[in-house]
Amino acid sequence: FLKGTATTEIYTRSLVGSVRCVQETGIVINAKELVHSGKYINYYHYLFENKLRHSTGKWEAIIRNFPKTPIHGCKVVPIGKSKVQGDQLILILSYRVPIDKYILELPAGLNDNEHIEECCKRELKEETGYVGKIVKEIDSYSQLLYTDPWKSNDNTMIYFMEVDLDSEENKIPKQKLEFAENITVVKFPLAGLYDEVVKYIKTNSCSIDASAWMFILGMHFEDKLQPFYRLPHQPH
């Protein structure tokens with residue numbers, strides 16, 4: 001089923017198992033040149049040959065050198081639960097140097113050589129001050145996600161966490177930020193989530209991270225898109 005000799009092996013890892021597939025690429029890497037080495041990332045030039053198109057080229061890529069763990073980091077979708085305030089999505093407003101602006105994001109961070117669920121709990125506590133628990137009913141849907149594979153090998157896993165906003169430990173949340181972090185916690189009601197986030201972005205002239213935005217769009221369009229993707233009824 002494979003033609004030629006240029007192939008690559010792709011692994012998809014999840015909490016419920018491992019799936020392996022082999023795909024033909026036609027790409028042969030002839031050389032890997034280190035251009036710059038930093039504390040967290042290295043910058044490389046890959047010299048390659050495309051045997052399917054009979055061409056050669058140079059690919060610029062960023063490869064993580066920290067952390068050394070297979071899973072580089074985590075992202076958290078924290079849902080605040082409160083009898084008084086109602087259900088809320090907890091986001092952070094963080095300043096990002098490469099874009100020179102503030103951006104709404106899901107709490108996230110690098111893996112400090114720990115189990116990925118512990119990484120989620122730690123990052124949530126550090127960036128928001130809140131203590132939460134993994135939503136076990138849906139944690140099996142977490143997959144190893146490559147955030148921008150066209151330019152880097154950076155990866156993450158996304159977990160849902162529940163935060164009891166009425167509990168004593170969460171009444172006065174205290175962040176534990178690093179010296180370079182400017183982070184503000186922003187909570188949005190799940191009812192009318194899309195409209196509230198759009199209004200906040202316009203009012204504060206900020207932007208929003210892609211993963212946070214896709215979650216918000218999913219919530220917003222859940223009912224609107226069902227007629228387009230609903231599968232035919234299957235008899236039991």
Side-chain angles (χ1 to χ4, degrees), residues 15 67 69 71-97 99 101-142 145 156-220 222:
L15 297 179
T69 52
I71 304 173
H72 296 159
C74 68
K75 289 192 175 187
V76 178
V77 182
I79 303 299
K81 309 287 287 186
S82 172
K83 295 179 180 179
V84 178
Q85 304 174 49
D87 293 352
Q88 302 178 44
L89 174 64
I90 302 171
L91 297 181
I92 58 173
L93 184 68
S94 179
Y95 175 77
R96 293 300 187 182
V97 172
I99 61 175
K101 67 187 306 183
Y102 279 89
I103 182 169
L104 283 173
E105 299 176 326
L106 298 171
L110 294 177
N111 188 346
D112 193 16
N113 196 29
E114 60 202 322
H115 190 281
I116 196 63
E117 291 189 7
E118 293 305 313
C119 180
C120 292
K121 296 174 183 177
R122 177 180 55 78
E123 288 294 342
L124 178 68
K125 175 64 176 176
E126 290 178 356
E127 295 190 343
T128 70
Y130 288 117
V131 175
K133 62 180 181 180
I134 302 291
V135 181
K136 291 295 184 180
E137 289 80 2
I138 56 177
D139 71 350
S140 62
Y141 292 95
S142 297
L145 306 173
T156 190
M157 293 187 74
I158 299 179
Y159 280 79
F160 282 77
M161 293 188 69
E162 182 178 302
V163 178
D164 183 357
L165 297 175
D166 296 331
S167 67
E168 286 296 326
E169 60 186 350
N170 287 325
K171 285 188 176 180
I172 308 177
K174 294 182 180 180
Q175 296 167 291
K176 189 178 179 182
L177 302 177
E178 298 180 10
F179 74 96
E181 292 180 319
N182 289 342
I183 294 177
T184 302
V185 178
V186 188
K187 294 181 290 185
F188 297 95
L190 290 186
L193 177 62
Y194 174 86
D195 292 332
E196 290 296 322
V197 172
V198 169
K199 182 171 67 175
Y200 186 92
I201 291 172
K202 291 180 179 180
T203 302
N204 294 276
S205 300
C206 60
S207 189
I208 188 167
D209 169 71
S211 53
W213 184 241
M214 290 306 296
F215 172 77
I216 292 165
L217 284 184
M219 294 284 289
H220 181 62
E222 179 184 11

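For reference, positions follow the sequence shown, starting with 1.
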Do you know which two heavy atoms are closest between [X] and [Y], and how far apart they sit?
X    : Y    : answer
M161 : L124 : CE-CD2, 3.9 Å
E117 : I134 : OE1-CG1, 4.1 Å
C206 : I201 : O-CG2, 3.1 Å
L110 : C119 : O-SG, 3.6 Å
I116 : G73  : CD1-O, 3.4 Å
E127 : Q175 : O-NE2, 2.7 Å

**Prompt:** Between E105 and I92, does a side-chain contact (heavy atoms from CB on, under 4.5 Å) hold up when you go through it step by step?
**Reply:** CA-CA 5 Å; E105 299 176 326; I92 58 173; 4.0 Å; yes
Treating [X] as the side-chain partner and [Y] as the backbone partner, does any N or O pair qualify as donor plus acceptor under 3.5 Å?
X    : Y    : answer
E181 : E178 : yes
S142 : I158 : yes
D87  : L190 : no
N170 : D164 : yes
E114 : D112 : yes
S94  : I103 : no

To the nearest 0.5 Å, tell me how far [X] [atom1] sits from [Y] [atom2].
X    : Y    : atom1 : atom2 : result
T128 : L106 : OG1   : CG    : 12.0 Å
C74  : E118 : SG    : CD    : 10.5 Å
L165 : K171 : CG    : NZ    : 11.5 Å
W213 : Y194 : CH2   : OH    : 4.5 Å

**Request:** Please list all pairs passing the salt bridge (charged side-chain N to carboxylate O under 4.0 Å, His left out) test where one or both residues lie in residues 193-219, with sequence neighbours left out.
**Result:** K75-D209, E196-K199
**Request:** Can you label the angle between the Y200 ring and the F188 ring as parallel, tilted or perpendicular, going by 30° and 60°?
**Result:** perpendicular
**Request:** Just do the side-chain contact (heavy atoms from CB on, under 4.5 Å) check on I216 and I208 with the steps written out, would you?
**Result:** CA-CA 11 Å; I216 292 165; I208 188 167; 3.8 Å; yes
**Request:** Could you pull out all residues at least two apart from K125 that satisfy side chain to side chain contact (heavy atoms under 4.5 Å, CB included)?
**Result:** V131
